[in-house]
Amino acid sequence: MAGGNREPGRTVTSKVLAILEAFEQSRGALSLTDIAEGSGLPLSTTHRLVAELTDWGFLSRSATGRYQLGIRLWELAQNTGRQLRDAARPFVQDLFSLTGETAQLAVRAGHEVLYIERIYGTKRVPRASRVGGRLPMHATAVGKVILAFEEEWVRTAYLNRDLEQTTPHTHTNPRRLAEELEQIREQGYATTLEEVRLGSCSIAVPVFHTGRIGAGLGLVLASAQGASMTRHLPVLLGVSAQIERATVHIPLESLLGINRR
């Protein structure tokens, strides 16, 4: 993109990323003023960069003059975690077919879980995320199971953070969460009950890759099924083993294709 940097301390790249991040918290189209406020950039700078992003197809402009993420950005994003997603998709589909519940696969992306595959059931269950969406690790079963089997320094660093309270039932006490992670390592699976959305519960098992934690495989169910969701453990463990066998020949970093730090 053309143009120099007239704002000391901010590169053109950082400005472009700030504009794109303005859309992260909004599911609707944004006005130019909304984007400027969300990115912390002057309106003139926003206007210039948004025009270039639109020309490149990374943003699209509606007839009313509002902007949303463009199809080209979506196309590029499909390459994120593609090897794992492509290899695991048939097995996640099997998990859904065998249980009838919403099935999902997630990986760690920094301090959050990133959902790379999700197959929705027909049952009415509150939705907390989507493919490409992120949630706090401590509030989700897939996040907890990944965190439990991560390296010790990752768990320690996470427990030293301020833990977000997404619902009144979210476990945010570091000591209690540390004990829960220990229990998850011992039993081999994680569960949540209305910790990320009221009305839903979840169960997840780890997906290993050459002895290291690679992903979390889980189901989301209605809260009323919370007491009996462990009945799905045999299927979850079987599908997890299939994904592990299907991806063992791919290096973990290439498999995920994301920055886990």
Side-chain angles (χ1 to χ4, degrees), residues 1-86 104 106-118 120 126-140 143 154 157-158 160-167 170 172 196-197 253-254 256-261:
M1 292 184 181
N5 182 13
R6 299 178 182 177
E7 296 169 52
R10 299 193 71 174
T11 64
V12 174
T13 302
S14 71
K15 294 173 188 177
V16 169
L17 293 175
I19 288 173
L20 295 177
E21 284 184 343
F23 290 88
E24 194 170 17
Q25 302 303 321
S26 174
R27 295 193 178 184
L30 300 177
S31 68
L32 201 61
T33 300
D34 294 333
I35 300 171
E37 291 177 352
S39 62
L41 296 171
L43 191 59
S44 59
T45 302
T46 303
H47 182 273
R48 174 173 57 82
L49 294 177
V50 163
E52 292 191 51
L53 286 168
T54 302
D55 289 342
W56 279 86
F58 294 118
L59 297 179
S60 64
R61 187 176 185 271
S62 70
T64 60
R66 298 177 73 84
Y67 295 87
Q68 59 187 11
L69 296 177
I71 193 68
R72 189 174 182 190
L73 195 61
W74 178 84
E75 290 171 341
L76 289 174
Q78 297 310 297
N79 291 316
T80 302
R82 184 169 186 172
Q83 285 185 289
L84 175 58
R85 189 171 70 250
D86 288 350
Q104 57 189 14
V107 298
R108 180 172 70 84
H111 296 301
E112 299 171 306
V113 284
L114 172 67
Y115 291 88
I116 64 172
E117 186 60 276
R118 207 167 210 244
Y120 294 97
R127 294 185 181 183
S129 191
R130 64 194 187 284
V131 173
R134 299 178 182 227
L135 285 173
M137 296 185 72
H138 64 282
T140 64
V154 176
Y158 192 91
N160 285 330
R161 302 175 67 251
D162 291 330
L163 303 179
E164 179 183 353
Q165 182 95 37
T166 52
T167 77
T170 310
T172 58
V196 71
R197 283 290 186 275
E253 289 71 18
S254 299
L256 299 180
I258 60 172
N259 183 1
R260 289 160 56 89
R261 297 302 181 184

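For reference, positions follow the sequence shown, starting with 1.
One finds the OG1 atom of Thr140 at 12.0 Å from the CZ atom of Arg197 (value rounded to the nearest 0.5 Å). The line from CD1 of Ile35 to CG of Leu53 is 9.0 Å long, rounded to the nearest 0.5 Å.
Nearest approach of Ile19 to Leu41, heavy atoms of both residues: CG1-CD1, 3.8 Å. Summarising the geometry of His111 relative to Met137, their closest heavy-atom pair is O-CG, 3.4 Å, with the distance given to 0.1 Å. Among all heavy-atom pairs drawn from Ala106 and Tyr115, the shortest one is CB-CD2, 4.0 Å. Residues Ser39 and Ala22 share a closest heavy-atom pair of N-CB, 4.3 Å.
Leu17 meets the side chain to side chain contact (heavy atoms under 4.5 Å, CB included) test with Thr13; sequence neighbours excluded. Under the side-chain hydrogen bond (donor to acceptor under 3.5 Å, both in side chains) criterion, Thr166 pairs with Thr170, not counting sequence neighbours. With sequence neighbours excluded, the residues that form a side chain to side chain contact (heavy atoms under 4.5 Å, CB included) with Glu21 are Glu24. In this structure, Arg61 has no salt bridge (charged side-chain N to carboxylate O under 4.0 Å, His left out) partners at least two apart in sequence or on a different chain. Under the rule for a side chain to side chain contact (heavy atoms under 4.5 Å, CB included), the partners of Arg66 that lie at least two apart in sequence or sit in another chain are Ala29, Ser31, Asp34, Ser62, Thr64. Under the side-chain hydrogen bond (donor to acceptor under 3.5 Å, both in side chains) criterion, Thr54 pairs with no residue at all, not counting sequence neighbours.
No side-chain donor-acceptor contact under 3.5 Å links Tyr67 to the backbone of Phe23. His138 places a side-chain N or O within donor-acceptor distance of the main-chain N or O of Glu164, the cut-off being under 3.5 Å. Checking side-chain atoms of Arg108 against main-chain N and O of Gly110 turns up a donor-acceptor pair under 3.5 Å.
Within 6.0 Å of CG in Asn160 there are more than 12 heavy atoms belonging to other residues, nucleotides or ligands.
For the pair Leu20 and Leu59, the minimum side-chain heavy-atom distance is below 4.5 Å.
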